[in-house]
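Notes for the one structure printed next.
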Amino acid sequence: MVMMSGLAAAYSVTPTGTAPSSCWKTRAPQPRVAFQRRRRTTSLTTATATATAMPREAMTAPEKADVLRSLDGWAESNLLPLLKPVDRSWQPHDLLPDSASPGFHEEVDELRARAREIPDDYYVCLVGNMVTEEALPTYHAALNSFVGYDSPSSADAWSRWSRGWTAEENRHGDLLNRYLYLSGRVDMRRVEQTIHHLITAGMRLAVDKCPYRGFIYTSFQERATAISHGNTAARAKALGDASLARICGAIAGDEKRHEAAYTRVVDELFARTPDAAVRALEYMMRQRILMPAYYMFDGKDTDLFHNYSAVAQRLGVYTTADYADLVEFFVDRWGVAELGPGLTGEGRQAQDYLCRLPERVRKMAELDARRRQVELQA
């Protein structure tokens with residue numbers, strides 16, 4: 001999962017047939033990746049606005065959790081069908097050289113030959129995507145906390161969704177991790193340390209135990225992750241590596257299904273409790289939406305996330321314009337402008353703020369793009 005409201009990380013790799021960024025240091029001749037400190041770059045995607053004091057909610061967090069628990073039958077019909085049966089699901093081994101095949105070594109040699117032709121910056125984004133996916137234990141715990149279910153064997157629909165979602169997501173980190181290991185392009189020990197740090201750090205979600213905010217967060221996260229993996233797939237294809245494109249595309253496909261699920265949850269919350277839902281969305285837009293990778297750390301570079309963000313922005317893997325598209329998409333998808341009966345005064349204020357927000361974010365993205373262009377020309 002990489003959501004990425006501000007993407008992150010910087011690595012330095014050895015030459016791969018294309019000139020690396022002039023500000024990167026390389027360690028020829030070993031084709032390995034090491035994190036490197038770069039100038040910190042802020043990104044619009046880490047926040048849409050500074051945190052502000054919010055009025056007291058009309059519904060408490062436990063009351064909102066009760067609403068979600070009352071939707072167990074709805075979840076059975078609307079969420080669980082989005083999970084694929086195990087026997088029809090792809091597995092990492094399907095997309096990598098077959099370790100049991102007599103031709104395994106030749107297949108790995110071919111993979112490594114293709115990997116040598118991929119520019120350095122691409123691996124910055126790929127490693128950042130993989131590291132974020134590998135912090136799955138934290139995400140599973142957070143998801144369970146939204147509805148209040150934590151039984152490992154519960155048969156209710158929410159628990160079955162949580163376990164099924166986790167099982168599908170688990171493949172993502174495994175697949176990218178094994179690919180990077182086989183490619184020979186990265187310093188795997190440093191990457192493994194980064195994963196260790198990220199899981200240890202946990203998450204600091206600005207949801208204040210509110211499940212409505214939690215599901216808004218996951219909706220944004222899954223859509224942004226689908227965009228990021230989809231763009232890395234497209235770039236791999238353009239660089240001539242169809243196998244790597246299939247790897248990233250398979251993950252992007254999962255993320256699109258997961259986005260559909262969480263977006264449906266919020267659809268239902270807007271339909272049943274519009275005032276609480278619109279105020280939860282306003283809260284999340286006013287607060288910093290820090291994605292899991294924000295706390296990425298390799299033991300040395302304290303600006304790792306922001307450095308990764310700068311590379312992803314430059315390559316077009318995930319940009320401030322993408323984030324602006326996300327805001328516009330969800331405000332439209334959840335019908336914020338059409339909300340009428342059932343809104344309190346605070347709800348109408350939230351509606352007004354959110355309806356104006358896409359244009360504001362778009363202008364900020366355009367200003368950010370012009371600033372970056374000036375910096376590149378300097």
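In this structure, the side chain of S162 does not engage the main chain of W158 through any donor-acceptor pair within 3.5 Å. Distance alone, capped at 3.5 Å, places no donor-acceptor pair between the D332 side chain and the E328 backbone. Formation of a donor-acceptor pair under 3.5 Å by the R279 side chain with backbone atoms of T344 is not found in this model. Side chain of T273 to backbone of L269: a donor-acceptor contact under 3.5 angstrom is found. At distances below 3.5 Å, not a single donor-acceptor pair connects side-chain atoms of R178 with backbone N or O atoms of P92. Looking at D298, its side chain does come within 3.5 Å of a backbone N or O of D301 through a donor-acceptor pair. Side-chain N or O atoms of E282 include none that pairs as donor or acceptor with a backbone N or O of L354 at under 3.5 Å. Using modelled atom types, one side-chain atom of R69 and one backbone atom of V147 make a donor-acceptor pair closer than 3.5 Å. In this structure, S183 contributes its side chain and L180 its backbone to a donor-acceptor pair below 3.5 Å. Between the side chain of R163 and the backbone N or O of S154, at least one donor-acceptor pair lies under 3.5 Å.
Legend: residues meeting salt bridge (charged side-chain N to carboxylate O under 4.0 Å, His left out) with R160, ordered by chain and number and at least two apart, are E76. Not a single ring pair (Phe, Tyr, Trp, His ring centres under 6.0 Å) links Y295 to another residue, sequence neighbours left out. Residues that satisfy the salt bridge (charged side-chain N to carboxylate O under 4.0 Å, His left out) test with R272, not counting sequence neighbours, are E268. When the salt bridge (charged side-chain N to carboxylate O under 4.0 Å, His left out) test is applied to R356, the partners found at least two apart in sequence or on another chain are D352. R257 is linked by a salt bridge (charged side-chain N to carboxylate O under 4.0 Å, His left out) to E168, D254, counting only residues two or more places apart in sequence or in another chain.
Aromatic pair F215/W334: ring centres not closer than 6.0 Å.
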#### Entry: Derivation of the side chain to side chain contact (heavy atoms under 4.5 Å, CB included) call for R213 and D208
CA-CA 8 Å; R213 298 171 191 169; D208 194 26; 3.4 Å; yes

### Task
Go through the steps to decide whether L343 and V278 satisfy the test side chain to side chain contact (heavy atoms under 4.5 Å, CB included), and finish with yes or no.
CA-CA 9 Å; L343 294 188; V278 74; 4.0 Å; yes

### Task
Start with the C-alpha distance between S243 and R246, add both sets of side-chain angles, then the distance that settles side chain to side chain donor-acceptor pair (under 3.5 Å), and finish with yes or no.
CA-CA 5 Å; S243 296; R246 284 195 296 272; 3.2 Å; yes

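A distance of 12.0 Å separates CG in N129 from OH in Y318, rounded to the nearest 0.5 Å. Atom CG of D325 is separated from atom CG of D322 by 6.0 Å, given to the nearest 0.5 angstrom. Taking OH from Y212 and CG from L281, the interatomic distance works out to 13.5 Å, rounded to the nearest 0.5 Å. We find the CG-CZ distance between L326 and F220 to be 6.0 Å, quoted to the nearest 0.5 Å. Interatomic distance, S219 OG to R264 CZ, rounded to the nearest 0.5 Å: 12.0 Å. With rounding to the nearest 0.5 angstrom, the CG atom of D121 is 12.5 Å from the CG atom of L126.
By the criterion of side-chain heavy atoms lying less than 4.5 angstrom apart, applied directly or through intervening Ile, Leu, Val, Met, Phe, Trp or Tyr residues, L367 is not grouped with V327; the two fall into different hydrophobic clusters.
A salt bridge is absent between R362 and E366: the closest approach of a Lys/Arg side-chain nitrogen to an acidic carboxylate oxygen does not fall below 4.0 angstrom. Between K256 and E259, at least one side-chain N (NZ, or NE/NH1/NH2) sits under 4.0 Å from a carboxylate O, which counts as a salt bridge. D109 has no carboxylate O lying under 4.0 Å from a charged side-chain N of R112, or vice versa, which leaves the two without a salt bridge.
Looking at heavy atoms from C-beta onward, W161 lies in side-chain contact with L143 at the 4.5 angstrom threshold. Between L96 and E107 there is no side-chain heavy-atom pair separated by less than 4.5 Å. At least one side-chain heavy atom of R286 sits less than 4.5 Å from a side-chain heavy atom of Y353. Looking at Y139 and E169, their side chains never come closer than 4.5 Å, going by heavy atoms from C-beta outward. Between C210 and M59, every side-chain heavy-atom pair lies at or beyond the 4.5 Å cut-off. Between W165 and E222 the shortest side-chain heavy-atom distance falls below 4.5 Å. When side chains are defined from C-beta on, I216 does not count as touching Y283, because their heavy atoms never get closer than 4.5 Å. V265 has its side chain within reach of L68: a pair of non-hydrogen atoms, C-beta onward, lies under 4.5 Å apart.
Summarising the geometry of M296 relative to T194, their closest heavy-atom pair is CG-CG2, 3.4 Å, with the distance given to 0.1 Å. Across N231 and G316, no two heavy atoms sit closer than the pair ND2-O, 3.3 Å. When every heavy atom of C248 is checked against every heavy atom of H229, the shortest pair comes out as CB-O, 3.6 Å. Across every non-hydrogen atom of T166 and L136, the tightest pair is O-CD2, 3.4 Å. Heavy-atom minimum distance, L239 versus P119: CD1-CD, 3.6 Å. L339 and Q351 get closest at one heavy-atom pair: O-NE2, 2.8 Å.
Applying the ring-ring contact (aromatic ring centres under 6.0 Å, His included) definition to pairs two or more places apart or across chains, those involving residues 180-199 are H197-F297.
The cationic atom of R235 (NZ for Lys, CZ for Arg) does not lie both less than 6.0 Å from the six-membered ring centre of Y122 and within 45° of the ring axis.
For the side chain to side chain contact (heavy atoms under 4.5 Å, CB included) with I251, the lone residue among T225, L95, L175, T232 that qualifies is L175.
Remark: Q91 CD is packed, more than 12 non-hydrogen atoms of other residues, nucleotides or ligands lying under 6.0 Å away.
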